[in-house]
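Before any comments, here is the structure.
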Amino acid sequence: MKIAIVGAGIIGVTTAYELAHDGHEVTVLEQRSAAAEEASFANAGLLSPYLTTPCTIAGKPSPTAQRPWHTHTGIRLAQGAGLHELAWLWRWRRSHTPLSTLESLARYSRERTQAIAARHELDFEASTGRLLFFRTAKQRAQYQPLLDWMREAGTAVQDMDADAARHVEPGLSPEAPLHSAVLLPHAVSGNCRLFAQMLRQGMQAAGVQFVFNAQVTRLSSQPTGIWVNGEPDMRCFDAVVVCAGAASHTLLSPRGIRLPMAPVFGYSVSAPLREATHAPLTSALDVQEQITITRQGQRVRITGGAELGSPQAAHHHATLQKLYRAVNDWFPGGAQLSGPLQIWRGARPTLTDGAPALGSTALPGIWLNTGHGAGGWALACGCARALADMLSQRAPEISVQGLEAQRF
């Protein structure tokens with residue numbers, strides 16, 4: 001089949017890979033000038049397990065939130081937030097995330113990611129293991145139900161006291177406010193953007209066509225195709241897969257597919273590695289602040305924050321200060337914070353139940369793989385494989401029940 005993919009983030013690139021692997025003729029169209037320039041650009045890099053990724057579970061109150069109502073979701077309202085954002089947040093708080101489906105899909109996706117990396121010898125700065133840091137016994141008790149559920153779902157979970165945690169992470173400050181920790185030994189993290197770019201380069205060499213600076217303005221079905229800004233004629237395909245993240249709503253809404261999606265913005269600070277023995281070996285999560293600290297090659301990346309508002313909103317100074325404090329609390333001296341830093345505020349296109357829209361639509365020839373929120377990197381390879389199977393009329397190896405766009 002001749003297939004178009006709209007969007008060259010991690011979702012679009014991995015979808016192109018799986019479809020090309022199945023023998024389809026694939027063209028990827030991206031409005032930016034390179035792959036992985038938006039939500040995939042500087043994210044936390046967390047792969048499976050999925051449910052420890054901050055801001056992934058809809059309707060789940062933040063265990064430490066005791067402030068005004070909108071902070072109970074862990075999401076703040078920023079400059080430019082209006083009625084659309086309020087309505088989305090109202091639905092988010094009342095939705096239920098399909099936990100079992102997403103956790104098993106993330107494990108499957110991690111295996112696919114590692115298999116692809118091994119097959120093509122891709123070094124995407126991966127690290128193994130995740131430590132959850134608890135500042136108090138109360139915090140630890142509040143997370144017990146989620147940890148119990150993860151154990152029952154087959155995730156390895158190891159309880160640790162502060163001394164054992166410092167053995168796993170020698171760079172952890174002896175003065176860090178640590179009561180206890182939980183180790184997820186099989187968790188994986190890595191550089192999402194690097195993986196996407198390396199995969200794109202390999203696919204281009206193998207004949208997959210990437211068209212950059214191409215803004216898709218309209219979708220067509222019967223016949224199936226797309227309209228690209230500045231081109232007089234429609235490009236015809238046998239199928240179109242929308243992997244356009246935040247732009248998906250603009251393309252789908254005129255065709256009657258209205259997904260309750262909003263860009264939830266998060267922050268990251270990427271700093272040069274200062275002293276390797278003081279930097280994290282695993283991916284670390286400050287549970288109270290919902291901030292992750294990971295090493296990616298010769299850099300340390302600190303990520304956190306979740307806000308609804310305008311893409312042009314000014315950076316939230318208080319959130320950035322939390323990121324700096326977190327790395328200094330846990331791993332002082334590990335990152336060089338006084339020099340040039342990459343500070344990023346990026347959108348995570350999120351649906352109100354925290355799960356992506358995956359599969360066919362009511363429009364013939366139009367397929368979806370979008371709306372992954374904070375867990376796009378964790379779910380990318382698994383969703384791509386499942387969609388490729390469905391498009392070829394095969395049953396996916398993993399259940400994707402409940403992820404259909406028609407659920408809305």
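Just so you know, residue 1 is the first one in the sequence shown, and it goes up from there.
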Would you tell me whether Thr217 and Gln215 have side-chain atoms, one donor and one acceptor, within less than 3.5 Å of each other?
no
Atom pair CD1 (Ile116) and CG (Leu122), whose distance is rounded to the nearest 0.5 Å:
8.5 Å
When rounded to the nearest 0.5 angstrom, what distance separates CD1 in Ile302 from CD1 in Ile291?
9.0 Å
Is the closest side-chain donor-acceptor distance between Asp286 and Trp330 under 3.5 Å?
yes
To the nearest 0.5 Å, how far apart are CE in Met160 and CD in Glu169?
10.0 Å
Cationic N near anionic O, under 4.0 Å, Arg385 to Asp22:
yes
Is the closest basic N to carboxylate O distance between Glu289 and Arg325 below 4.0 Å?
no
For Tyr267 and His316, I'd like to know if the aromatic rings sit close, meaning centre-to-centre distance below 6.0 Å.
no
Please round to the nearest 0.5 Å and tell me the distance separating atom CG of Leu251 and atom CG of Leu219.
5.0 Å
Heavy atoms of Cys55 and Gln290 approach each other most closely as N-OE1, 4.3 Å
Is the Trp344 ring parallel, tilted or perpendicular to the Phe41 ring (thresholds 30°, 60°)?
tilted
Output every pair passing side-chain hydrogen bond (donor to acceptor under 3.5 Å, both in side chains) with a member in residues 174-186, not counting sequence neighbours, ordered by first then second residue.
none
Look at the aromatic rings of His84 and His249 and report parallel, tilted or perpendicular, splitting at 30° and 60°.
tilted
Thinking salt bridges, do Glu125 and Arg295 make one under a 4.0 Å N-O criterion?
no
Qualifying side-chain hydrogen bond (donor to acceptor under 3.5 Å, both in side chains) pairs, either residue in residues 398-408, two or more places apart:
Asp353-Arg407
Taking atom OG of Ser270 and atom CZ of Arg299, what is their separation to the nearest 0.5 Å?
4.5 Å
Would Ser283 and Arg130 count as having a side-chain donor-acceptor pair, cut-off 3.5 Å?
yes
